[in-house]
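A short worksheet on the structure shown next.
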Amino acid sequence: MKMPTVKYQRGDTVMGRWPGSSLYYEVKVLRFDAKSQLYTVIYKDGTELELKEQDIKSAAGFQTRSRSRSRSRSPGRRRSRSRSPARTTRRSSSRTAAVVAAAAITDSVPPSRRDTKLKDTLEVRLSPLQQTKAAENNSNNKHEKKEEKQKEENNMANKVNETSEAKVEAEPARYNLRRRKDDGGAKPAAAEPEQQEEVAAKMAATLTATLSTPLDFGGKLGAYFWLLFLPAWVLFLVLQVNLEDPSLTNFPPPLPPLEALLDVQAFGFVILWILFQAVLYILPVGKLSEGMPLRSGERLKYRTNGFFAIVVSAVAVAAAVYQGVDLTYIHSHFLQLAVASFLISVLLSVYLYVRSRYTSPEQLALGGNSGNVVYDFFKGRELNPRIKDFDLKFFCEMRPGLIGWCLINFAMALAEMKKQGLDAPSNPMILVNLFQLLYVVDGLWNEEAILTTMDLMHDGFGFMLAFGDLVWVPFTYTMQSYYLVSHPNPLSLPALTAIVILKLVGFYIFRKSNSEKNAFRRNPSDPKLSYLKTIPTATGKSLLVSGWWGVVRHPNYLGDLIMALAWSLPCGFSHLLPWYYMIYFIILLVHRDSRDMSECRRKYGSAWDEYCRTVRYRIIPRVY
Ligand SMILES: NC(=O)C1=CN([C@@H]2O[C@H](COP(=O)(O)OP(=O)(O)OC[C@H]3O[C@@H](n4cnc5c(N)ncnc54)[C@H](OP(=O)(O)O)[C@@H]3O)[C@@H](O)[C@H]2O)C=CC1
Ligand SMILES: CC(C)CCC[C@@H](C)[C@H]1CC=C2C3=C(CC[C@@]21C)[C@@]1(C)CC[C@H](O)C(C)(C)[C@@H]1CC3
């Protein structure tokens, strides 16, 4: 059969870009599909992929270009020394992989900038891989005294291979969009040594690309701004909500004297609360869940007993109230409690920053290592800071602030009864309490699912999250209930019913989509998910492209936003303050979405573009 007149013909040997990377490999053209405008090509190892014309280069032109760049050890040059583009001697695979990655990057860089770019890449980005090389050297020297260290380092070298193998196994042989049920015929590429190296090269390319993450949150200047603005904003909100007529025009609000802000007793209560949660966290109750594989291939274990923690906390609070403890103290000392939590979050962030200076590079997050002290302090450097098995980031994100949020809401309900002379909390107060309690309990019940979220997988633990978890969540997410204490807003039955329905719809979307992604990430071949379509990526992970994740790119954000709307509606429209959460949340999620988009584009390359072409909207179908 003759192929239609197209640029490359069947049987042509050309260079095909590996999806998601800048690496070009020698491939043979098998066919061209005029409808999809895709070439089916076959790699030397038998892998078949469908590529677009722009991802293919003529072999002749490519070799000429490669030769002229021979000093940067381009793919072309490597080809002349080994049988396949990424094939090198096994011993030096990791280092070579990194060089391959670095060389590949030069492909996309204009010649004038190539040298500097390559130099930067090698200097700045190779530290974990250099360690791997060091591990190899160490393992050769059997008489070295530092046996422990050697073991550790050898371990790491092995892990690179283990991950590679896992990835090769997971890597589907075709780059196509179809139901996974139909995958029967598609054999995964065999895990041969040279393929491990090839995958290591791909991993290195991905790693190198990801490490060059641009600074976020407005960069270094932005970090200064947020460090000052965030605490000031909390202070502003707390002072406002206490006023008879809270309004954004009351700016600046009357500032209380310093001694009114600092309260030793309030400080003590916050410390006690955190310690109480810490004790519940370390109790050997509940499941030990595995986190997602780290860059080293290791999987950390997390004690996911959050539901147990909130139940015990509720019992303890009920017992305290029964014993006559006046929880309205939380309402009357809200500002002091917020200031105490703020101080604790600052101390924690300083500790986190200092300890991150002594942590090995592979334990750092990919984004918080800019070299600028203020930016790194704000963004967080270490990915999973732990004291023995105690995971600080996981604990702070899921326990004191989150459960504290419910405790504060409950205290606000008591304060409302006291202030308004009611026998029971008002309907709006009950709704806000129940809605937010459901949100927190659900988060704790599905605690394992947080292990596949951005914060746990990608973000370092620094001021932003420490402050977010310990101050922002408990002291600003409670604005609606605080507001209702002194601003009653009676609701009609139809309004109440409509709000409840809205909340349930939002919750359904939120829960279903989060669970779908979590189940898929944990076990991509889960038979229960076999009806879903996926796009394979060069990293070995696939992307869901049907089900909830085929409706919009962040269905979980959509559900969360609908719920946020249902939390503000009970407070009515007289003031902007109870709507603060809704406004903040739109900004947070839109920013988070774009952060995630660029991260995924870097990680998954053309597969991500394909996903975005298939699923066109980000959060709201047909709108955004
Ligand atoms: N109440 C609050 O204050 C906040 C609540 N949230 C909620 O927390 C939850 C988690 O949010 P967040 O961590 O931001 O983001 P997600 O849970 O949406 O996680 C994003 C990650 O999911 C993976 N992913 C993206 N698209 C796909 C796909 N098509 N198929 C498979 N995997 C995909 C990617 O990671 P990879 O491919 O590496 O696995 C991506 O980095 C959300 O429900 C959000 O609404 C978030 C922030 C604040
Ligand atoms: C201070 C900054 C402006 C913003 C800080 C952001 C943090 C407050 C949020 C980042 C991601 C979060 C998540 C939850 C709480 C808020 C923070 C920490 C979450 C634990 C709430 C409960 C949910 O069920 C969840 C899905 C588990 C959430 C995960 C993300």
Side-chain angles (χ1 to χ4, degrees), residues 206 210 217 226-227 229-231 233-234 292-293 306 345 378 393-394 396-399 401-403 405 436 438-459 463-477 506-507 509-522 524 529 532-535 537 539-564 567 581 584-585 587-589 591-593 595-604 607-608 611-612 614-615 618-619:
T206 312
T210 326
F217 299 97
W226 292 114
L227 276 173
F229 173 79
L230 292 174
W233 181 249
V234 176
M292 291 292 103
S345 73
F378 174 75
K393 184 165 71 169
F394 178 78
C396 287
E397 180 139 346
M398 293 310 286
R399 303 305 169 77
L402 211 55
I403 302 178
W405 174 9
Q436 299 186 348
L438 172 67
Y439 187 65
V440 172
V441 168
D442 168 78
L444 296 170
W445 180 261
N446 297 288
E447 204 172 19
E448 205 177 57
I450 201 185
L451 303 176
T452 58
T453 62
M454 274 164 67
D455 308 61
L456 264 287
M457 289 191 305
H458 311 304
D459 289 344
F463 178 82
M464 187 185 76
L465 272 183
F467 174 82
D469 295 340
L470 301 179
V471 185
W472 195 260
V473 169
F475 295 97
T476 74
Y477 286 23
F507 180 67
I509 299 174
F510 168 82
R511 179 46 37 227
K512 285 286 182 187
S513 54
N514 271 329
S515 299
E516 187 174 88
K517 195 244 317 182
N518 183 51
F520 179 67
R521 275 287 171 256
R522 292 200 163 270
L529 302 173
L532 293 172
K533 286 182 194 165
T534 61
I535 298 181
T537 77
T539 67
K541 270 182 173 182
S542 299
L543 291 165
L544 288 169
V545 75
S546 73
W548 287 103
W549 297 81
V551 179
V552 282
R553 291 181 224 155
H554 262 126
N556 48 355
Y557 290 2
L558 175 66
D560 225 339
L561 280 170
I562 296 176
M563 285 195 283
W567 297 353
Y581 179 79
Y584 141 79
F585 209 43
I587 300 170
L588 178 93
L589 293 185
H591 176 247
R592 241 174 127 84
D593 170 77
R595 217 154 54 93
D596 198 34
M597 290 292 131
S598 23
E599 179 106 346
C600 288
R601 184 160 293 119
R602 248 191 302 280
K603 266 189 295 187
Y604 302 127
W608 183 256
Y611 174 60
C612 293
T614 315
V615 182
R618 290 163 176 251
I619 301 179

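Just follow the structure's listing: the first ligand is 1, and inside any ligand the first atom is 1. For the single chain, residues carry numbers from 1 onward in sequence order.
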Quiz item: Taking atom 25 (C) of ligand 1 as the point of reference, which of W548, Y477, W549 owns the nearest heavy atom?
Solution: W549
Quiz item: At a 4.0 Å threshold, what atoms of ligand 1 neighbour a non-hydrogen atom of Y611?
Solution: 29 (N)
Exercise. With heavy atoms of D469 as the reference, note each atom of ligand 2 found under 4.0 Å away.
Key: 18 (C)
Exercise. Classify the contact between V440 and ligand 2 as side chain, backbone, both or neither, using a heavy-atom distance cut-off of under 4.0 Å.
Key: neither
Practice problem: Mind checking whether D455 contacts ligand 2 via backbone (N, CA, C, O), side chain (CB onward), both or neither, at a 4.0 Å heavy-atom cut-off? | Solution: side chain
Exercise. Mark up the atoms of ligand 1 that fall under 4.0 Å of a heavy atom belonging to K603, in ascending order.
Key: 35 (O), 36 (P), 37 (O), 38 (O), 41 (O)
Self-check item: Whether Y581 lies under 4.0 Å from ligand 1, heavy atom
Solution: yes
Quiz item: N/O to N/O below 3.5 Å, does that happen between M454 and ligand 1?
Solution: yes
Quiz prompt | Partner set under salt bridge (charged side-chain N to carboxylate O under 4.0 Å, His left out) for R521, not counting sequence neighbours | solution = none
Quiz prompt | Main-chain N/O of S513 paired to W549 side chain as donor or acceptor, under 3.5 Å | solution = yes
Quiz prompt | Distance filter under 4.0 Å to Y439 heavy atoms, resulting ligand 1 atoms | solution = 1 (N), 2 (C), 5 (C)
Exercise. Measure R592 to ligand 2 on non-hydrogen atoms and call it side chain, backbone, both or neither using the 4.0 Å cut-off.
Key: side chain
Self-check item: Any residue meeting salt bridge (charged side-chain N to carboxylate O under 4.0 Å, His left out) with E397, in chain and number order, not counting sequence neighbours
Solution: none
Quiz item: Among V234, V473, L470, whose heavy atom sits nearest atom 15 (C) of ligand 2?
Solution: V473
Exercise. Scan the protein's non-hydrogen atoms and note whether one is under 4.0 Å from atom 25 (C) of ligand 2.
Key: no
Quiz item: Would E599 count as a contact of ligand 1 if the rule is a heavy atom under 4.0 Å away?
Solution: no
Practice problem: May I ask you to list the atoms of ligand 2 that are less than 4.0 angstrom from any heavy atom of F510? | Solution: 24 (O), 26 (C)
Self-check item: atom 8 (C) of ligand 2 within contact range, any protein heavy atom under 4.0 Å
Solution: yes
